[in-house]
J.: 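This structure is in structure tokens; I'll ask about it shortly.
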Amino acid sequence: MRAFKLKRDWINGWLLLLPALVFLFAFTHIPAVTTLINSFFSTPRGRRPAKFIGLDNYERMINDPVFWKVLWNNLWFAIGTIPVSVALAIVMALWVNEKLAGRSFVRMAYFTPTVLPLIAVANIWMFFYTPGFGLFDQITGFLFGWPASNYLGNPDTALNAIIVVTVWKEAGFFMIFYLAALQAIPVSLKEAAQIEGAGRWTIFWRITFPLLMPTTLFVCVNAVINSFRLVDHIFILTDGGPDNASALLLFYIYEVAFRFWETAYGATLTVALLVLLSLLAIGQFFFFDRKVHYK
Amino acid sequence: MTGASDLFDRLLNTFAAWALALLWVLPLAYAVWTAFHPAAYEARFELFAPLTLENFSKAWDAAPFARYFLNTFILVTMILAGQFFLCTLAAFAFARFEFPGRNILFALVLLQLLVMPDILMVENYKTMRLLNLVDTIPAIALPYIASGFGIFLLRQTFMTIPKELDEAARIEGASFLGVLWKVYIPLAKPTYLAYGLVSVSHHWNNFLWPLIVTNSVETRPVTVGLSIFSAIDSGIEWSVINAATLMTSGPLLIAFLLFQRQFVQSFMRAGIK
């Protein structure tokens with residue numbers, strides 16, 4: 001009787017899972033495997049089918065200066081966006097968690113960019129960066145008498161301009177997770193510390209911050225994934241230019257596969273991205289797991 | 001700590017919080033300003049500049065926005081319905097049934113949190129071409145329907161539901177699908193709401209995959225439509241571009257302003273693991 005129930009459980013479980021698994025395999029797992037396989041073949045063109053070329057695509061990738069450039073850009077993009085947006089998120093959450101005049105407006109102001117499409121965000125910021133006419137130039141021209149500068153057209157500033165937009169868009173999103181975590185911290189802990197005479201600074205570093213560690217892990221994993229995934233605004237703001245100065249890895253994959261139609265090389269770049277993402281996820285997990293205090 | 005320095009501290013914090021908040025709304029405030037004023041006031045901020053709705057009608061006439069909105073609406077509904085259906089069944093299986101391979105399959109589901117369909121665009125595009133679905137709305141929706149995040153979130157909720165409820169319903173003669181429908185789904189309503197809001201706003205805003213897989217007015221969602229509309233060389237005025245920008249994000253913005261509390265709470269709930 002029990003064995004019969006177990007068997008029925010198996011069948012029911014598998015049947016319930018079947019529809020989701022079909023989609024999951026069709027659009028995530030099988031494509032991931034075929035991407036790996038295709039990276040060892042040449043791009044099929046017209047009547048010439050794909051043929052096995054071993055590691056040629058990988059050799060090309062290693063010798064491709066644009067690949068190294070976008071990888072480097074992506075590293076800068078991550079270093080430029082993650083610490084700043086996470087730090088801002090913590091500060092924002094601390095502020096809106098306290099009694100603050102006009103708190104609901106402040107909270108709304110921080111969170112609003114999250115709701116906007118990145119494409120719309122890019123449109124708005126485009127004007128700020130417009131040489132001569134844009135808001136930044138008007139302000140710097142008015143205050144310091146600086147000449148017009150082309151933030152998006154200059155290889156030295158294009159990526160930084162993109163980083164600023166991304167931080168503005170993301171900080172409020174991460175704030176929400178910190179806000180949830182802050183509200184879960186018992187007030188008694190803080191009160192006890194206050195009775196002992198601890199100042200705000202001590203309370204933050206000794207109590208609040210360590211208790212926020214699981215949230216920081218969660219937010220950081222998300223931020224790292226996002227730093228490789230958020231490319232929408234590049235399409236509007238710079239189109240990867242000038243001279244690939246603001247192109248990121250995923251944007252380059254798009255260009256290679258859908259502008260130059262080099263799908264095999266695109267697959268090779270995708271493999272590189274997948275390897276990078278998994279290494280980062282594993283590394284982060286082990287790095288943080290030792291330091292995180294779970295309750 | 002003395003009262004005076006405490007007060008000073010509080011004032012300083014309030015001031016800084018407000019300064020950052022103003023900085024944060026500035027871009028949006030600017031977009032609203034230009035969209036509602038004639039082009040001449042694009043960069044001239046005068047308090048009594050005349051208000052106008054002309055930019056909106058110009059934008060509306062310059063591109064088939066009605067069609068784009070309809071496409072996005074169909075897209076978002078399709079994805080949400082599919083996600084609710086597939087994720088509910090899968091989450092129920094993971095939460096309440098014992099079967100071999102459960103842990104491995106669950107790990108495969110979680111893997112999707114890391115490897116999103118956007119990253120596999122080359123292969124997914126080939127699949128869509130194989131299925132003859134390129135340039136259709138289902139092609140935009142299909143890769144996102146089996147959402148690892150949705151399955152995970154619903155599984156967590158289902159696991160908190162006491163087994164006694166489940167058994168009581170079984171004794172009364174309900175089938176396991178009946179239990180799912182009458183006990184689990186009603187009790188998980190807040191999770192469905194939270195997940196629904198996150199999903200709708202995510203797919204309303206999605207750009208890269210729709211850009212790749214669509215190429216005609218009949219299928220393009222608003223984000224792709226907007227990007228074409230505001231391409232740098234199209235020579236359209238800033239005020240009109242900003243009007244179009246506000247229009248495309250308008251529905252979500254209005255929903256956000258109306259349901260601010262629920263929105264924020266749903267994002268919070270969605271984040272807690």
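For clarity, every value in this text was computed on a predicted model and none was experimentally measured. Every chain is numbered from 1, with letters handed out A, B, ... down the list of sequences.
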J.: Which class fits the ring pair B/Phe207 and A/Phe235: parallel under 30°, tilted 30 to 60°, perpendicular over 60°?
T.: perpendicular

J.: Given heavy-atom pairs under 4.5 angstrom as the criterion, report whether the side chain, backbone, both or neither of B/Phe94 touches chain A.
T.: side chain

J.: Do you know which two heavy atoms are closest between A/Ala20 and B/Leu86, and how far apart they sit?
T.: N-CD2, 3.9 Å

J.: Side chain of B/Asn205, backbone of A/Val115: donor and acceptor closer than 3.5 Å?
T.: yes

J.: Evaluate whether atom CH2 of B/Trp181 has more than 12 neighbouring non-hydrogen atoms of other residues, nucleotides or ligands under 6.0 angstrom away.
T.: no

J.: Can you tell me how the ring of B/Trp18 sits relative to the ring of A/Phe105, calling it parallel under 30°, perpendicular over 60° and tilted otherwise?
T.: parallel

J.: Name the region of B/Val109, side chain, backbone, both or neither, that has any atom closer than 4.5 Å to a heavy atom of chain A.
T.: both

J.: Where on B/Asn13 is there a heavy atom nearer than 4.5 Å to chain A: the side chain, the backbone, both, or neither?
T.: both

J.: Give, as side chain, backbone, both or neither, the part of B/Ile212 having an atom under 4.5 angstrom from any heavy atom of chain A.
T.: side chain

J.: What part of B/Met247 gets within 4.5 angstrom of chain A, counting heavy atoms only: side chain, backbone, both, or neither?
T.: neither

J.: Looking at side-chain heavy atoms only, is the closest gap between B/Leu120 and A/Phe27 below 4.5 Å?
T.: no

J.: For chain A, find which of B/Ala91, B/Ser201, B/Ala93, B/Ala244 contributes the most heavy-atom pairs closer than 4.5 angstrom.
T.: B/Ala93

J.: Mind checking the CD1-CD1 spacing from B/Ile228 to A/Ile119? Nearest 0.5 Å is all I need.
T.: 10.0 Å

J.: Checking B/Phe85 against chain A: side chain, backbone, both or neither under 4.5 Å from a heavy atom?
T.: neither

J.: Could you tell me if the side chain of B/Leu108 sits less than 4.5 Å from the side chain of A/Phe25, heavy atoms only?
T.: yes

J.: Fit a plane to each ring of A/Phe127 and B/Trp238, take the angle between them on a 0 to 90° scale, and name the class: parallel (under 30°), tilted (30 to 60°) or perpendicular (over 60°).
T.: perpendicular

J.: Please check this pair: side chain of A/Trp95 against backbone of B/Thr14, looking for a donor-acceptor N/O pair closer than 3.5 Å.
T.: no

